[in-house]
Asks: 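The structure is given below, and queries will be raised subsequently.
In what follows, every heavy atom counts, from backbone to side chain, and hydrogens, waters and symmetry copies are set aside. These numbers were taken from a predicted model, which means no experiment stands behind them. Remember, it's 1-based here, ligands and their atoms both numbered in the order they're listed.
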Amino acid sequence: MENMDGPRVTECECCPALVESRSRIVNGTGPEDADLLIVGEGPGEQEDEEGEPFVGRSGTQLDEKLRAHGIAREDVRITNCVRCRPPENRDPTKEELENCRGYLEREIELVDPALIMTVGKVPTEHLLERDVAVTKEAGSVVEHRIGGESRRVLISVHPAAMLYDRSQEETLDATVGEAATLIGADGADGGDGQSRLDSF
Ligand code: URA
């Protein structure tokens, strides 16, 4: 895509409301060959300020959970369904999600992760193209075609959920633990670094 440099979007004015509300385009961060790709909804205030996904309160929660399961944030690729902050942190519209979809698909294609973890309802429904009761389905791994390739998607609750509902913390914890097992980050793979997904 001409307005992309690798997995980074360099310029885009597809969504007038988002162009108006953003300070910048917030691209994904982390290794371009990461085993794990985490997909959130869209940048919040802090992400918009710093130009990096998940650097606000949700990011702190997410980082802690990753660390607790032996995954360093630096080893993970983290991105969002939309790359520009929606006004008043509203959910992105269907149209905005669609406008940004090609960028996300391109990033997935380039990173080619062993596992995608969707955090929260918006990214899960967007990537799986169906309604999802995230709290019920959290922790399940599903295969879905994304951009013409079959991908493994682990459904997770959003880290912000545990800020207002402590019971969601266990769910997030178990799900990140599952991600660690699947990518072989928890030492349960015998230490050869081989992703367990090879035999999934
Ligand atoms: N929540 C998201 O879904 N994405 C971010 O980047 C930050 C918070």
Asks: Restricting to ring pair (Phe, Tyr, Trp, His ring centres under 6.0 Å), what partner residues turn up for Tyr103, sequence neighbours left out?
Replies: none

Asks: Going by ring pair (Phe, Tyr, Trp, His ring centres under 6.0 Å), name the pairs with one or both residues in residues 33-86, residues two or more places apart or in two chains.
Replies: Phe54-His158

Asks: Suppose the criterion is ring pair (Phe, Tyr, Trp, His ring centres under 6.0 Å): which pairs have a residue in residues 115-134, not counting sequence neighbours?
Replies: none

Asks: Counting only N and O atoms by type, is there a donor-acceptor contact under 3.5 Å from the side chain of Asn3 to the main-chain atoms of Glu11?
Replies: yes

Asks: Under a 4.0 Å heavy-atom cut-off, which residues neighbour ligand 1?
Replies: Gly40, Glu41, Gly42, Glu47, Pro53, Phe54, Asn80, His158

Asks: Between Arg145 and Arg151, is there a donor-acceptor pair closer than 3.5 Å when you use the side chain of the first and the backbone of the second?
Replies: no

Asks: Between Ser156 and Thr175, do the side chains contain a donor N or O and an acceptor N or O under 3.5 Å apart?
Replies: no

